[in-house]
Amino acid sequence: MWTEGLPRGGGARHERRMFTDSIIAPAKLNLFLAVTGRREDGFHDLVSVVSRLNFGDTLHLEAGGASGWELTCDDPTLACDQTNLVLRAATAFSAATGRWTGGRFFLEKRIPMGAGLGGGSSDAVAALTLLNRMSSDALDQEALAGLAVQLGSDCPLFLHDTPVVMRGRGERISPLPASALGRLRGRRVVVFKPGFGISTPWAFTRLAADAPASYEPTVTAESRLAAWIADTTAPAEELLFNSMERPAFGKFMALPALVAQLRSEFGLVPRMSGSGSACFAFLSEAAPFEAVGAVIRKAWGAAAFVTEARIT
Ligand code: C5P
């Protein structure tokens, strides 16, 4: 069981003492995701606008005194072995800084897995951030970003607390102008996922099978994004796009069927996030979340995940 109340802070000279700290690991949404082609290293280049949500996991850490890293989780289906990104992040942080020899993580899992909501990546960055905080910022943002991208393509974005543009395979992050942020931050969304997840490698492989038609030319993606940014009257809804919907919706018919139903019953414009299977839609302040949630649960059954959240 997790116990609180031990002293915070510390660094190498304090490693014989125990330190505890906790952090929220938020979920993300890809509001715009254009996959532009396959690279020599096997990854795909993309142009994506990504935002974090005010909804996520909580990661707790008790560090110091121990040798080796351990992870436990309130969700028994999560693999907590050394392949887990939280433990890989801690090992990478120790190797890069020489700080901390081990500790215990406890993860309160709320972000569904196999969803395209970045849960595992966010947990990894939360571990890096916690360890850096306990080490008096031993690593600067650039060094943290370097570690983050080695852990996963979706990790660097979680080092930023506003919506950003992500390019390359996810390692190149750029800010958005204030006029664009103002149209995204605070927007209310419904996020929903069927009982099944989609594996990211599967989704990219399936996309690649239809190449080049499945790839968005870089110039098209960039000009579409630039046009939305430049038109300061264009609402967030006009930004929405995801190249990965076509392969996912082609195989998992439950996704397009419910998207069409939510469009006709509530006038919503749902999109998939990342490689799926989670989808989301903007909700007006007056929109009836409970009624939308009831339709989703009726269509996808008790295993469906549904939550209301806001873009931060
Ligand atoms: O970077 P990450 O480990 O999350 O990627 C998982 C898999 O998804 C990669 O092995 C690759 O197959 C695919 N991927 C990709 N292009 C990206 C991100 C992921 O092809 N930009």
Side-chain angles (χ1 to χ4, degrees), residues 24 26-33 48-57 110-112 114-119 122 157 161-164 176 178-198 224-225 227-229 231-246 248-249 252-312:
I24 300 288
K28 61 91 172 156
L29 291 179
N30 297 84
L31 303 173
F32 178 88
L33 173 54
S48 185
V49 174
V50 222
S51 64
R52 308 195 327 175
L53 295 174
N54 67 345
F55 151 77
D57 300 337
R110 298 186 197 93
I111 306 172
L117 298 174
S122 187
L157 74 96
D161 54 13
T162 60
V164 288
L176 280 163
S179 61
L181 294 181
R183 285 176 274 158
L184 302 177
R185 298 189 78 185
R187 285 295 308 263
R188 184 179 177 227
V189 288
V190 54
V191 183
F192 51 104
K193 177 191 165 284
F196 61 85
I198 295 180
R224 191 170 164 163
L225 175 57
W228 181 81
I229 291 172
D231 180 359
T232 55
T233 62
E237 284 80 349
E238 287 183 20
L239 174 66
L240 300 183
F241 175 77
N242 188 345
S243 293
M244 305 202 75
E245 275 178 9
R246 195 199 295 248
F249 284 22
F252 302 106
M253 301 311 288
L255 301 177
L258 183 57
V259 162
Q261 188 181 354
L262 293 174
R263 195 182 290 254
S264 73
E265 285 191 29
F266 298 101
L268 298 180
V269 186
R271 295 249 78 104
M272 193 173 79
S273 180
S275 54
S277 60
C279 298
F280 66 96
F282 287 115
L283 293 179
S284 69
E285 293 303 319
F289 169 72
E290 289 307 327
V292 172
V295 166
I296 294 167
R297 286 196 192 87
K298 188 160 182 231
W300 284 353
F305 166 89
V306 191
T307 194
E308 186 183 351
R310 284 188 191 270
I311 289 176
T312 59

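Position 1 is the first residue of the sequence, and the numbers go up from there.
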- Query: Between Phe280 and Phe55, does the ring centre distance come in under 6.0 Å?
  - Reply: no

- Under the 3.5 angstrom rule, does the side chain of Arg271 hit a backbone N or O of Phe241 as a donor-acceptor pair? no

- Only one of Val164, Leu239, Leu240 forms a side-chain contact (heavy atoms from CB on, under 4.5 Å) with Val49, so which one is it? Leu239

- If you measure from CG on Leu283 to CZ on Phe289, what distance do you get to the nearest 0.5 Å? 8.0 Å

- Query: Out of curiosity, Glu238 CD to Asp231 CG, how far, rounded to the nearest 0.5 Å?
  - Reply: 7.0 Å

- Task: Mark yes or no for whether Ser48, through its side chain, and Phe32, through its backbone, hold a donor-acceptor pair below 3.5 Å.
- Result: yes

- Do Ser122 and Asp57 touch side chain to side chain, with heavy atoms closer than 4.5 Å? no

- Residues Ser277 and Leu255: closest non-hydrogen pair is O-CD2, 3.7 Å

- Query: Which heavy-atom pair separates Arg187 from Ala236 by the least distance, and what is that distance?
  - Reply: NH1-CB, 3.8 Å

- Quick one: CG on Leu258 to CD on Glu265, what's the gap to the nearest 0.5 Å? 9.0 Å

- Is any side-chain heavy atom of Pro163 less than 4.5 Å from a side-chain heavy atom of Leu31? no

- Under 3.5 Å, is there a donor-acceptor pair between the side chain of Ser273 and the main chain of Asn30? yes

- Side chains of Val292 and Leu262: does their closest heavy-atom pair fall under 4.5 Å? yes

- Once you round to the nearest 0.5 Å, how far does CG of Leu29 lie from CG of Leu184? 10.5 Å

- Separation between NZ (Lys298) and CD (Gln261), nearest 0.5 Å, reads 8.0 Å

- Item | Polar side-chain atom of Thr312 near backbone of Arg52 as donor-acceptor pair, under 3.5 Å | yes

- From Leu53 CG over to Lys28 NZ, what is the distance, rounded to the nearest 0.5 angstrom? 10.0 Å

- Query: What pair of heavy atoms forms the shortest contact from Ala278 to Met272, and how long is it?
  - Reply: O-CG, 3.3 Å

- Query: More than 12 heavy atoms of other residues, nucleotides or ligands under 6.0 Å from CZ of Arg246: is that the case?
  - Reply: no

- Query: Is Arg110 reaching over with its side chain to a backbone N or O of Gly56, donor-acceptor style, under 3.5 angstrom?
  - Reply: yes

- Note on the structure: Nearest heavy-atom contact between Ile229 and Thr232 is O-CG2, 4.1 Å

- Message: Taking the side chain as everything from C-beta on, heavy atoms only, tell me whether Arg263 gets closer than 4.5 Å to Val269.
- Response: yes

- Glu308 with Arg188: basic N within carboxylate O range, under 4.0 Å: yes

- Taking the six-membered ring for Trp, is the centroid-to-centroid distance between Phe192 and Trp300 below 6.0 Å? yes

- Message: Please evaluate residues Ile296 and Val190 with respect to the criterion side-chain contact (heavy atoms from CB on, under 4.5 Å), reporting the C-alpha separation (whole Å), side-chain torsions for both, the decisive distance (0.1 Å), and the verdict.
- Response: CA-CA 10 Å; Ile296 294 167; Val190 54; 4.2 Å; yes

- Evaluation steps, side-chain contact (heavy atoms from CB on, under 4.5 Å), between Asn242 and Phe249: CA-CA 11 Å; Asn242 188 345; Phe249 284 22; over 6 Å; no

